[in-house]
Amino acid sequence: MSETIRATRVIAGPRLWFGLLLVTHALAVLCSRGYFQFDEHYQVLELIQWKLGLTQAADMRWALGERMRPWLHPLPFFPLEWLSLHVFGLSPFVKTTVHRSLVAALALYVMSRRSRREPAQLALYATLFFYPFLDARISSEVIGGWLFALGDSLDEDQEDARAGVWATLGCGLVLGLAAVIRLHVLVCFAGLLVHHVRRGALRRCGLLCLGVLSAYVLGAACDAWGYGTFTVVPWNYVYQNIVLGKAVRFGSGASPWYWYVPALLRATLYLPGLALIAALLCQWLRRPLSRLSLITLPFVLLHFAVAHKELRYLFVLAPFAPALLLSLWRALRHIRFARAAAAGCMAFNLVLLLPAALHDADPEVSLYATLHTHKAPSDRSLGFVSDTNPLGPWRLHPSYYVNDLGLTGQRVPTPTTPVHGLLMVDGPDAYVQLRDAARCELIATRYPRSILDHWPSWLPPNRGPWFKLWSLWRCP
């Protein structure tokens, strides 16, 4: 009987965790609309819009003119966009749901594959709260990270099985595709090569490099098709961002070398981020020449050294978080209260899991979805009381979502200024003014209305060049 129970637990465990992964990722695909950072949108969907002739180069970011973005990144999403334009006429929100599902499917496959070697990783993939949100992003960091994790998993399996030439070339091709889509992945690949050199597997190093080179040849062909002329995108990227320093000038500026530490802690509400930082330090100090250290340490050091920093740059390493945390657990499990601390950290992640899966990635796209649903034929403008034009955030033109609306943004001084038609305001104070005036009809809010009705006065809404607590009204 005891053997039967133990066998049932062994089978049910992975099924339970993978079932949780499927549920949370499905929710994120359906609910987590939009982009974490606007590059995710403009280097994919707007680039495709430009290729299809649906937007002008003048409305694109400066990176288009410098040919900095690899066309291999948006290529998987291009067929649906082409078919929608010429055959189906799909809503942008239907198309982006399909796009998110492709990335989530890739992530789930790699999670399943990496967990075969170490089944305990599956539980961490299922419970770490940030995975559903990240895996619903079509960014180069997320896709490049999962492709590299897939190549690393293939390489580790082939290392044990002494794979042949074609299998090794295929592994190198996967690693190369990751590096084409996200150039920074080359640093991780260099660490992997050091690992093989230390083993004396020089032949394997050569074959992997040949596979990576073939991926860059494929990428160059895609770029020639996308831009209509031959260009070397990796060099364009390095020259513009590093040599000319445009990443600092056009981005958020230079940050101190330690910026990622507080940024990671804040973004994860401290506890998960603290565990991840401890896992990285433990891995590097205890096993500095291990495969995992050689992949992660050079990548982190590079991004600490580069002046321009954004948290998304570290998303490439997200697939390796379970392996790092398990390594930390093995080092600390004999310490008193270690089990209680691990259980507490897992419970904390489980509490955050559902909100992270359901939360939209940015407020703009949720507003566009509402406008597509509630816009009347007579509506020609959108009044807004906020720090930025919602139809052109960051002084950019998101043609993918707004071209079909036929609306122009019109700044309004105060919420009580007489406006005819659609009006968007940001923040609980403006919402309360319009609610109490009872002149305009409330159409929708980003969050449930009860949150704005009972917003505590001691909690000021986060301000900046974006809007987060929008409400949409129709005024007579």
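Heads up: numbering here begins at 1 and tracks the sequence.
Between the side chain of His25 and the backbone N or O of Leu21 there is at least one donor-acceptor pair closer than 3.5 Å. Using modelled atom types, one side-chain atom of Tyr125 and one backbone atom of Pro319 make a donor-acceptor pair closer than 3.5 Å. Put simply, the side chain of Asp379 gets close to the backbone of Ala376: a donor and an acceptor are under 3.5 Å apart. No donor-acceptor pair under 3.5 Å is formed between the side chain of Lys95 and the backbone N or O of Glu81. Judged by distance alone, with hydrogens and angles left aside, the side-chain atoms of Tyr131 form a donor-acceptor pair with the main-chain N or O of Ala318 at under 3.5 Å. Side-chain atoms of Ser293 come within 3.5 Å of backbone atoms of Gln283 as a donor-acceptor pair (strictly under, hydrogens ignored). Listed for the Ser366 side chain is a donor-acceptor partner under 3.5 Å among the backbone atoms of Pro363. Thr388 places no side-chain N or O within donor-acceptor distance of the main-chain N or O of Pro390, the cut-off being under 3.5 Å. A donor-acceptor pair under 3.5 Å is absent between the side-chain atoms of Gln56 and the main chain of Ala58, judged by distance alone. Under a 3.5 Å cut-off, the side chain of Ser84 and the backbone N or O of Leu80 do not form any donor-acceptor pair.
Annotation: Trp257, atom CH2; neighbour count of heavy atoms from other residues, nucleotides and ligands within 6.0 Å does not exceed 12. Counting heavy atoms of neighbouring residues, nucleotides and ligands inside a 6.0 Å radius, atom NE2 of His374 exceeds 12 of them. Heavy-atom contacts from other residues, nucleotides or ligands closer than 6.0 Å to CZ of Arg439 number more than 12. Within a 6.0 Å sphere centred on CZ of Phe93, heavy atoms belonging to other residues, nucleotides or ligands number more than 12.
Under the 3.5 Å distance criterion, with hydrogens and angles disregarded, a donor-acceptor pair is assigned to the side chains of Trp146 and Asp135. With 3.5 Å as the limit, one finds a donor-acceptor pair spanning the side chains of Thr296 and Trp284. Looking only at atom types and distance, the side chain of Thr231 has a donor-acceptor partner in the side chain of Asn236 under 3.5 Å away. Side-chain polar atoms of Arg113 and Ser153 form a donor-acceptor pair below 3.5 angstrom. With 3.5 Å as the limit, one finds no donor-acceptor pair spanning the side chains of His397 and Tyr42. If you check the side chains of Thr417 and Thr414, you find a donor sitting under 3.5 Å from an acceptor.
A cation-pi arrangement is absent between Lys51 and Trp82 under the rule of less than 6.0 angstrom and at most 45 degrees off the ring axis.
Checking each of Asp426, Ile443, Leu423, Leu442 against Ser471 for a side-chain contact (heavy atoms from CB on, under 4.5 Å) leaves exactly one that passes, namely Leu442.
The minimum heavy-atom distance linking Ala149 with Val110 is given by the pair CB-CG1, 3.9 Å. Taking each heavy atom of Leu276 and Ala321 in turn, the nearest pair found is CD2-CB, 3.8 Å. Smallest separation of non-hydrogen atoms from Pro398 and Leu391: CD-O, 3.4 Å. Nearest approach of Val385 to Val412, heavy atoms of both residues: CG2-O, 3.6 Å. Minimum heavy-atom separation, Asn349 to Thr127: CB-O, 3.1 Å. Closest approach of His359 and Ser32 over heavy atoms only: O-OG, 3.0 Å.
Annotation: salt bridge (Lys or Arg N to Asp or Glu O under 4.0 Å) contacts involving residues 388-412, sequence neighbours excluded, are absent. Pairs engaging residues 267-277 under the salt bridge (Lys or Arg N to Asp or Glu O under 4.0 Å) rule: none recorded [sequence neighbours left out].
When side chains are defined from C-beta on, Phe320 counts as touching Arg114, because their heavy atoms get closer than 4.5 Å. Side-chain contact between Leu452 and Tyr447: absent, with no pair of heavy atoms (C-beta onward) separated by less than 4.5 Å. Within the 4.5 Å cutoff, the side chain of Trp455 has heavy atoms near those of the Leu469 side chain. Contact check for Tyr237 versus His184: side-chain heavy atoms found under the 4.5 Å cut-off. In this structure, Leu472 and Thr445 have side chains that are not in contact, with every pair of non-hydrogen atoms separated by 4.5 Å or more.
Between atom CZ of residue Phe129 and atom CG of residue Leu354 there is a gap of 13.5 Å, rounded to the nearest 0.5 Å. Within the model, atoms SG of Cys282 and CH2 of Trp329 stand 13.0 Å from one another, a figure rounded to the nearest 0.5 Å. Rounding to the nearest 0.5 angstrom, the gap separating the CD1 atom in Ile138 from the OH atom in Tyr35 is 11.0 Å. To the nearest 0.5 angstrom, His303 atom NE2 is 7.5 Å from Tyr313 atom OH. Separation of atoms SG (Cys188) and CG (Asp152) is listed at 9.5 Å; rounding is to 0.5 Å. Atom CZ in Phe133 sits 13.5 Å away from atom CG in Leu353 (nearest 0.5 Å).
Residues Phe189 and Phe148 keep their aromatic ring centres 6.0 Å or farther apart.
Ring planes of Trp71 and Tyr227: perpendicular class, angle over 60° (limits at 30 and 60°). By the 30° and 60° cut-offs, the orientation of the rings of Trp473 relative to Tyr431 is tilted.
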Under the side-chain contact (heavy atoms from CB on, under 4.5 Å) criterion, do Ser399 and Glu46 qualify, and how do the steps go?
CA-CA 7 Å; Ser399 66; Glu46 292 296 335; 2.6 Å; yes
Set out, in order, the CA-CA distance, both residues' side-chain angles and the distance that settles salt bridge (Lys or Arg N to Asp or Glu O under 4.0 Å) for Asp223 and Arg69, then state yes or no.
CA-CA 8 Å; Asp223 295 334; Arg69 304 302 181 187; over 6 Å; no
Checking Glu141 against Arg312 for the salt bridge (Lys or Arg N to Asp or Glu O under 4.0 Å) test, could you report, in this order, the C-alpha distance in whole Å, the side-chain angles of both residues, the deciding distance, and whether it holds?
CA-CA 7 Å; Glu141 297 88 2; Arg312 64 187 175 103; 2.6 Å; yes
Take Leu407 and Val402 through the side-chain contact (heavy atoms from CB on, under 4.5 Å) test and state the conclusion after the steps.
CA-CA 8 Å; Leu407 295 173; Val402 304; over 6 Å; no
For His41 and Tyr401, run ring pair (Phe, Tyr, Trp, His ring centres under 6.0 Å): C-alpha distance rounded to whole Å, both residues' side-chain angles, the deciding distance at 0.1 Å, then the answer.
CA-CA 11 Å; His41 175 76; Tyr401 293 108; 5.4 Å; yes
Which is it for Leu367 and Met424 under the side-chain contact (heavy atoms from CB on, under 4.5 Å) test, yes or no, and what are the steps along the way?
CA-CA 9 Å; Leu367 175 65; Met424 188 217 77; 3.5 Å; yes
Apply salt bridge (Lys or Arg N to Asp or Glu O under 4.0 Å) to residues Asp453 and Arg449 and explain how you reach the verdict.
CA-CA 6 Å; Asp453 283 329; Arg449 180 175 177 175; 3.8 Å; yes
I'd like to know whether Val103 forms a side-chain contact (heavy atoms from CB on, under 4.5 Å) with Phe77, so could you lay out the CA-CA distance, the side-chain angles of the two residues, the decisive distance to 0.1 Å, and finally the verdict.
CA-CA 10 Å; Val103 182; Phe77 311 111; 4.1 Å; yes
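A salt bridge between Arg446 and Asp360 is present, with a side-chain N of the basic residue lying under 4.0 Å from a carboxylate O of the acidic one. Checked for salt-bridge contact, Arg137 and Glu40 meet the test: a charged N lies under 4.0 Å from a carboxylate O.
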